[in-house]
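First up is the structure itself, then whatever we jot down about it.
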Amino acid sequence: MRIVVKLFAHYREGRFKVQEGDFPLGTKAADIIASLELEKTSPLGVLMVNGKHVSPDYSLREADEIALFPKIGGG
Amino acid sequence: MADKIYRVNMSNLSFKIEEVPASWMGLGGRGLTSTIVAEEVDPECHPLGPNNKLVFAPGLLSGTSASNSGRNSCGAKSPLTGGIKESNVGGTSAAIMAKLGVKALIIEGLPKDAETFYQLHVTKDRVEFILVPELIGLDNYAVLEAMAAKYDKKVAVMSIGRIGEMRMNIANISVKDPGGKLRSHGRGGLGAVMGSKKIKCITVDAESYKEVTIENPDKFKEASKIFTKTLQENPISGQGLPAFGTNVLVNILNEAGGLPTHNFREGNWEHAEKICGETMAENIKARGGKTTHGCHAGCVIQCSQVYNDKDGNYLTSGFEYETIWALGAHLGIQDLDLIAKMDGLMDDLGVDSIETSVMLGLAVDAGILAYGDGARAYELLSHEIPTGTPLGRILGAGTHILGKAYGLVRVPTVKGQGIPAYEPRAVKGQGITYATTPMGADHTAGYAVATNILNSGGHIDPLKKEGQVELARNLQIASAAVDSTGMCIFVAFAALDDAKCLPSLIDMINARFGCALTIDDVMNLGKNILKKEHEFNIKAGFGKADDRLPEFMKYETLPPHNVTWDFTGEEIDAFWNF
Ligand code: SF4
């Protein structure tokens with residue numbers, strides 16, 4: 001299935017901003033986090049799919065957009 | 001050496017240095033300014049008249065070596081909201097006042113001669129009243145220069161520009177930072193109050209101060225070490241804020257559908273990438289600015305930055321998400337450099353960059369400029385407002401009054417103050433803070449974005465109502481307490497997620513004053529402050545109907561999540577059940 005992966009803040013360094021890719025059915029958000037080795041850069045802060053917060057065991061569906069942020073803050 | 005209250009009367013140009021009343025002893029920062037305003041200012045007074053008072057108070061830990069403790073609070077009845085106001089700032093003034101032993105500076109009365117402006121110079125033993133006709137009509141950097149020529153270069157300076165002289169609601173009080181740039185007591189029109197009292201600037205002597213006394217230096221050192229470590233080890237205060245500043249929020253709010261766009265019509269902006277924190281950090285690296293920069297000496301987080309133009313010339317510092325959002329998604333400017341130039345200009349002019357930019361975005365609905373017309377926005381800011389043309393005066397009165405003057409319905413304000421940067425319909429906990437805080441729409445009063453969007457202190461679904469009132473209440477109580485310590489609000493991220501942070505902060509207060517406060521005591525302090533502020537507003541004429549968001553948010557659905565503001569009045573009012 002086609003999934004759009006978006007990375008932000010420190011996660012972009014040495015990786016990419018946005019990439020569309022083909023993933024096998026049953027792929028979970030956690031699989032993408034692991035395959036990109038994001039947590040080697042910084043612990044996961046926020047994970048959203050289609051603009052809504054979900055947990056890493058979320059099973060992705062065709063045309064989902066997944067957004068991954070390290071722990072960030074401001075105000 | 002005990003701290004003292006410095007009381008200045010502008011009606012007869014006199015001052016007194018008083019003992020600190022026992023009931024004010026354990027207070028600092030916002031706790032002290034709000035207590036003094038609540039006790040001494042008639043809630044029914046005109047904010048620009050003789051009976052309002054302007055109060056400055058450094059935090060309880062300001063002047064010590066504690067990390068991030070250099071925030072100064074300023075309070076008064078606000079001309080923008082008509083309610084109580086506290087606005088705190090970095091810069092050098094808090095530490096210098098604290099070291100001089102100034103627990104609070106209270107400014108009362110109005111001079112009879114309306115044509116004059118004064119400089120107040122505060123030293124250990126006296127307050128001098130200096131006529132400064134040569135400074136009239138100048139903006140902040142020129143005032144800083146004049147003071148640098150007159151005193152030791154470390155002298156603390158708080159000043160207003162032309163817009164403060166004209167007593168416009170968007171006027172702030174600007175404070176010199178360690179690098180000679182400006183930070184501001186931004187919100188609520190406090191610069192207009194200073195202008196009404198005919199004070200162009202306040203300087204505080206930095207030559208004759210002593211270090212603050214610490215009752216238990218060893219304990220203090222130990223607690224301070226732990227506290228600093230919690231800030232440095234927290235991924236937000238240790239990595240995220242220093243690398244990208246607060247502007248890292250553009251993308252996450254945009255992704256969550258909570259980035260108010262085109263005057264709160266949508267929750268996403270297609271051009272977010274052009275103004276986001278990641279783009280800003282890239283520009284800074286390429287152009288030789290600084291990604292990390294502190295607004296005061298003891299800051300270990302350094303969320304501020306120095307942002308230069310393409311040729312490496314300084315444009316601005318302290319370049320914050322809320323301002324970038326307002327000039328970007330809200331008003332439509334896609335050019336981050338122009339936004340930076342306007343931010344720098346707002347520092348010099350001495351205007352609240354949030355109120356001013358939210359107002360300029362509303363000016364699009366008023367037909368004064370087109371969405372995204374940066375050139376016209378710059379002209380309004382650099383010409384119409386500071387020269388005080390009739391249009392400039394209407395704009396300078398702030399978002400709420402501009403909306404009234406142009407017969408607009410979609411006016412994003414609460415208690416007369418412009419709503420910043422977080423769409424209440426899609427970040428509902430933040431909406432509860434905007435509705436209920438005694439300050440008018442103020443994001444720092446109870447930053448529910450932390451738990452709604454950023455997963456700090458757990459997670460509460462931003463799109464649902466459940467848990468939001470309690471979240472906003474707890475955060476507002478904690479923020480009122482933190483605002484009294486002199487700590488920057490960004491210590492909250494460590495406090496929310498690291499069990500060692502808050503106890504070490506309280507240990508520092510105990511070691512500084514030789515007291516034995518517990519977490520409960522500190523939370524009670526927060527509750528008392530909020531209640532005092534709320535009561536002041538009620539006496540000033542506020543009611544439940546003022547604890548509401550703009551009505552259009554109830555009947556207009558916000559894309560992309562197609563949400564409305566769906567809290568009942570009763571649900572909102574339950575906020576005050578504590
Ligand atoms: S974190 Fe930012 S706002 Fe807080 S003290 Fe440091 S520079 Fe100032």
Side-chain angles (χ1 to χ4, degrees), chain A residues 2-21 23 27-75, chain B residues 234-241 243-258 267-268 273 276-279 281-282 301 303 320-322 420-422 426 430 443-444 447 449-450 452-456 459-463 479 488-490 492-494 496-497 559-561:
Chain A
R2 300 297 289 174
I3 304 286
V4 175
V5 182
K6 303 190 214 173
L7 302 180
F8 298 94
H10 291 296
Y11 284 172
R12 286 184 174 180
E13 284 156 24
R15 297 192 187 88
F16 54 85
K17 287 184 190 175
V18 194
Q19 221 170 57
E20 201 178 322
F23 293 86
T27 301
K28 290 181 188 285
D31 300 329
I32 294 188
I33 297 165
S35 71
L36 291 169
E37 301 188 321
L38 294 182
E39 300 209 271
K40 277 197 179 159
T41 303
S42 186
L44 181 75
V46 172
L47 156 60
M48 284 187 248
V49 174
N50 306 329
K52 291 193 177 167
H53 289 73
V54 296
S55 67
D57 61 12
Y58 174 91
S59 294
L60 291 159
R61 275 170 250 163
E62 173 69 28
D64 272 351
E65 287 191 16
I66 176 169
L68 296 150
F69 299 81
K71 269 287 203 190
I72 54 169
Chain B
N234 181 278
I236 298 179
S237 47
Q239 289 185 339
L241 280 169
F244 301 105
T246 61
N247 198 33
V248 73
L249 293 170
V250 167
N251 277 333
I252 201 163
L253 267 304
N254 190 44
E255 199 56 37
N268 305 121
E273 192 60 37
C276 69
E278 290 88 337
T279 300
E282 270 172 33
I301 303 176
C303 78
E320 304 275 359
Y321 163 64
E322 287 74 16
Y422 309 93
Q430 196 59 34
H443 63 288
T444 66
Y447 194 61
V449 176
N452 277 180
I453 302 290
L454 307 171
N455 294 352
S456 272
H459 178 70
I460 291 179
D461 189 336
L463 301 171
S479 301
C488 148
I489 197 72
F490 297 144
F493 291 108
L496 282 166
D497 286 333
H561 297 305

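Labels below follow one simple rule: chain letters A, B, ... track the order of the sequence lines, proteins then strands, and each chain is numbered from 1. What you see below is based on every heavy atom in this structure, not just the backbone, and it leaves out hydrogens, waters and symmetry mates.
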Query raised in the report: Quick one: what part of B/V248 sits under 4.5 Å from any heavy atom of chain A, side chain, backbone, both or neither?
Result: both

**Report entry** Spacing of CD1 belonging to A/I3 relative to OG1 belonging to A/T27, to within rounding of 0.5 Å
**Finding:** 7.0 Å

Report task. Kindly compute the distance separating CZ (A/R2) from CG (A/L60), expressed to the nearest 0.5 Å. Result -> 13.5 Å

Report task. Mind listing the closest non-hydrogen atom pair of B/A426 and B/G257 along with its distance? Result -> CB-O, 3.4 Å

**Report entry** Under 4.5 Å from any heavy atom of chain A - which part of B/P420
**Finding:** neither

Query raised in the report: To the nearest 0.5 Å, what is the distance between CG (B/L454) and CD1 (B/I236)?
Result: 6.0 Å

Just by distance, which donor-acceptor pairs between chain A and chain B come in under 3.5 Å?
unit_1, atom_1, unit_2, atom_2, d
A/K6, NZ, B/E255, OE1, 3.1
A/K6, NZ, B/E255, OE2, 3.2
A/A9, N, B/E278, OE2, 2.8
A/R12, NH1, B/E273, OE2, 2.8
A/R12, NH2, B/E273, OE1, 3.0
A/R12, NH2, B/E273, OE2, 3.4
A/S42, OG, B/Q239, OE1, 3.2
A/G45, O, B/N455, ND2, 3.0
A/G51, O, B/H561, NE2, 3.2
A/H53, NE2, B/I453, O, 2.9
A/K71, NZ, B/N455, O, 2.9
A/K71, NZ, B/D497, OD2, 3.4
A/G74, O, B/Y447, OH, 3.3

**Report entry** Distance-minimising heavy-atom pair for B/L496 and B/A450
**Finding:** CD1-CB, 4.0 Å

Query raised in the report: Could you state the interatomic distance from SG (B/C276) to CZ (B/F244), rounded to the nearest 0.5 Å?
Result: 9.0 Å

Report summary line: Ranked by heavy-atom pairs below 4.5 Å to chain A, first place among B/P235, B/G240, B/G277 goes to B/P235

Report summary line: Okay, B/I453 and chain A: the region with an atom under 4.5 Å from a heavy atom over there is both

Query - Proximal component of B/L249, with respect to chain A [non-hydrogen, under 4.5 Å] - result: side chain

**Report entry** Residue part contacting chain B, namely of A/F8, when any heavy atom lies under 4.5 Å
**Finding:** both

Requested in this report: Identify the heavy atoms of A/A29 and A/L47 that sit nearest to each other, and give their distance.
Outcome: CB-CD2, 3.8 Å

Report summary line: Scanning both residues in full, the closest heavy-atom pair of A/K28 with A/S59 reads NZ-OG, 3.6 Å

Report summary line: Between the CD1 atom in A/I33 and the CG atom in A/L44, the distance rounded to the nearest 0.5 Å is 4.5 Å

